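To start, the structure itself, in structure tokens.
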Amino acid sequence: MTDMDQFKRTYFEECGELLGDVESTLSEMRDAGATADGLNAVFRGVHTIKGGGGAFGFEDLVTFAHGYETLLDMLRDGRVDCTTEIVDLLLRANDIVAGLVGAAESGESLGEDYGADIKSKIEAAISGDAPSDAAASQVDVPQNASSADDGGIKTYIVEFIPNLDLLQNASEPLLLIRQLGSLGEIVSEVIADKVPSLDELNPEEVFLTWRFILKSDCSEEEIREVFEFVEDDCVLKISVDSEVVPEAAEDSEPEAVESTPAADVEPKVAQVKTAPPAGQAPTKAPAVSSMRVDLDKVDRMVNMVGELVITQAMIQEQLRNSTVEMSAELERGLEDLTHHTRELQESVMAIRAQPVKSVFARMPRLVRELSETLEKEVKIVTSGEDTEVDKTVVEQLGDPLMHMIRNSVDHGIEMPDDREAAGKPREGTVHLSAEHRSGRIVISIQDDGAGINRERVLGKAREKGLIGKNDVLSDEEIDNLIFHPGFSTAQTVSNVSGRGVGMDVVKQNIRNMGGRINIDNEPGQGTKFSLSLPLTLAVLDGMVIGVGEEIYILPLTNIIETLRPVEKDVNALVGCFDVLSIRGEYVPILYVRDVFGIKNAKQDITKSLVVLVETEDSKKIGLVVDEMLGQSQVVIKSLEANYQAIHGVSGATILGSGRVALILDVIGLSDLIGSQSDQKNLEKLVVTKSKSNDDIVAEDRTQVV
Amino acid sequence: MSKKVMFVDDSKTIREMLDFTLKGAGYETLQGEDGVDALQVLGDNKMDVIITDLNMPNMDGITLIKKLREHPVHRSTPILVLTTESQTEKKMEGKQAGATGWIVKPFTPDKLLATIDRVII
Amino acid sequence: MESVAEKVESGSSDDGEIHDSETLQFITFRVGEEEYGVDIMSVLEIKGWSETTRLPNSPEYMKGVINLRGVIVPIFDLRLRFSMGDTEVTKTHVVVIVSIEGRDVGILVDAVSDILTIYEHDIRPIPDVDESSRSEFLKGLVTVNERMVSLLDIEKLFHVGELENIEGIE
């Protein structure tokens, strides 16, 4: 990768951040009115994007951003009023900038008229309100247009009379002379008649005047450029000596050139004037200081801390199991180690934590665009944007959230007239919020729309054969049908939600993150979707369970309760699966020993334990296990890194003993319900028929899943 | 001894490019993300030149320049402001606050180095 | 077949007329009466057998997974892979950890025997007559001190496609 590519990558990353910030600031201003801070922030963002774009030669982007920036500048100093229409225009302009940045990144061309309508609206806003200023601020006219067109050597007489305070800005006459000298042959003359006596001399003031004779083929413009920075701090007179200066003329005072600078440097160095008290400026810095760290470095640290947690658990277990008596000191040391390790782990995880703001910020625009397309009136209210969660979770949250918001606006919120007829405000509201709740982050998307029409969902499900003609479903079950693969309730497939990606994919995404999704549907009043997600995808609180000689981890979040069943409560559903009656409710049960083919597990269910677990869609199943071995926070390891995914297993972890334990995937297991009865029957067959049952067990498995 | 340049810009892109160009030309560099950050990073380290953007959060370039001009160590350090062509008035504002000169964005590495050369002894 | 390959320590080949051929190094190990070799470049480490955690619904030759310094590594039983019966693991059994296309996997063998340095041209192709399923996982054969060593093609043996096939079995 070249350096340029590296810079570009940084630039596009930065643009992404800036565009997001600008977007959310504008969205805020649209709802709450413009503020000076807001406008400044937006201006800065656009300005930075433009600046970088210029550096890389993204002409289209720079041209567009320029107009956008000009308008922003005028808004800032009040030359143009910041009305809602203007904010809307700014938002659209931001979209165009995003498009142009995207095009610059991918290298594609969007065509010349891309954003032309917005551009002309911006121009209208600029010129309509303050034509003269706009024009002035756009052109940087060269101060002196008289250029040397003949290209021949001319003799210039340059008179440089600095103001007394030239040095205030750390300008250095010596450097000016040096630079002027680089243009051609130069003869300089110092006029020192204004220099006061030594006791009156202020070393920070300039009393000298220079006169140069410059022989050069340069233009007057180039000479002025040398004095560009000090133009306002001096009087500069440039004239062309029409007569050809004789060669000999320059011999006259060559020493002056040498001596002048030296004489001038001295006063500048000798700064003795009393300075303001030291330490005044730099000490009071209220801002939170931060540093950028490569994510790889953080991840390496997260991994190492994960290892440390395991090692610590291992030491603890080894010591507990050893016959050596532990001294009080060792005990205390061990406790401290546990404590510190846990704290270290939390701090490291906190580094990866990010507010969900970055994801939430993308939603107002989505709602705005959608409601325009659908001709609905919808506003989005967000809260809890500062709630923090692991970076990975934030990154994976975007897509499902977008789909759910889209779903709410498309299917939830009614048309304005319908709303009015139903006695609701014409404008619908989608409330997006985040909060921490018992070690998880809960994100809810609530709309005040029509709610899920259960009749329609049911009809559709029957029509599609998702459920039987005569199945009776609870309200909750009906609501959850929308997560069924391929389910779409929109009567006409709109180009908003109807494009293949359904709520089933959303659910799958959330599930993959170890999350749950709940629907709270009140027909006529609206729908609330709640996502509950782990704060991190790296550790998990689990129940350690034993089946035969195997040890598994069951995520605590899935567990409702544990019970020891009585024989009469367990019934076989003919041709299906066993069910357990719990307080009048029948819950299907799954024998972990059977689905995982574990030998030596308890066969008598009354001696086993049933762990009642709940899946995201509030489906309950009972897992039959041998024993509970305790609770533990475990570090999640991937099976797929070196092997592959296993059905019913979400990952693995390393126990204190150093052994690997599998983490159960409750949803994956619940899919196995129903298949186990077939397997049981098959296994019986296999055992009676076969001598080398290995082969047949393998065969039998082909039919399990 | 190599010359020391500090640059202050809220854009990471610009900072990276400046850093690359300047280090490549043999300068030692210090960076700041905004005025507040710059003052903190800078402390009492004498620079040969300080380059600053004008539009920055927390503390803008103008305020930074004013603070530097009041600072016992930095009051005579050349300061260049980063500005865009459209901001003629910005150059002047920078000058009034005490800047030595300006660099017009976008700039090429050559232009950057030449401009620094114009103000650095 | 004459002995053309030499162990590292026994010096260079007597006939030594071909030196332009690349030398290759293999780690050899025993499974029952047979000797196999894997390219030394793919071997990460060799460790004693430790108890594995069985993975449900996996082929028999997949012995389960172990914790290798915090990484979950699957262990395959070469004997079962070659349908030579189950390995009754004891403490003397050895696991050779190899890297296959970025995945680290362990191969369970009876014992590691040697490091073998051979010339590339000493590798003989698998005779067509061998119709056992094994032959497709072999790169070739070499003879060392009158013993035949089968060189494993571990990429094929536990190829990603192979791993995917396991999924098909489920």
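A note on names: the letters A, B, ... follow the listed sequences, proteins ahead of strands, and every chain is numbered from 1. Owing to the predicted nature of the structure, the values given are computational and were not obtained by experimental measurement.
- Remark: the B:Lys46 side chain and the B:His74 side chain contain no N/O donor-acceptor pair separated by less than 3.5 Å.
- Heavy atoms of B:Ile120 lying under 4.5 Å from chain A belong exclusively to its backbone.
- No more than 12 heavy-atom neighbours from other residues, nucleotides or ligands sit within 6.0 angstrom of CD on A:Glu59.
- In summary, B:Glu70 and B:Lys66 do not engage in a salt bridge, as defined by a charged side-chain N under 4.0 Å from a carboxylate O.
- Between chain B and the options A:Phe12, A:Phe56, A:Tyr11, heavy-atom pairs under 4.5 Å are most frequent for A:Tyr11.
- Of the atoms belonging to A:Val62, not a single heavy atom falls under 4.5 Å from chain B.
- Looking at B:Arg69, the atoms closer than 4.5 Å to chain A (heavy atoms on both sides) all sit in the side chain, from C-beta outward.
- When heavy atoms are compared at a cutoff of 4.5 Å, B:Thr77 approaches chain A solely by way of its backbone atoms N, CA, C and O.
- One finds a salt bridge joining A:Lys50 and A:Glu69 here, because a Lys/Arg side-chain nitrogen approaches an Asp/Glu carboxylate oxygen to under 4.0 Å.
- Looking at B:Asp10, the atoms closer than 4.5 Å to chain A (heavy atoms on both sides) sit in the backbone and in the side chain alike.
- Using bins of under 30°, 30° to 60° and over 60° for the plane-to-plane angle, the ring pair A:Phe160/A:Phe212 lands in the parallel bin.
- With a threshold of 4.5 angstrom between heavy atoms, A:Glu17 does not approach chain B through any atom at all.
- Remark: B:Arg15 fails to qualify as a cation-pi partner of B:Phe7 under the 6.0 Å distance and 45° angle criteria applied to the six-membered ring.
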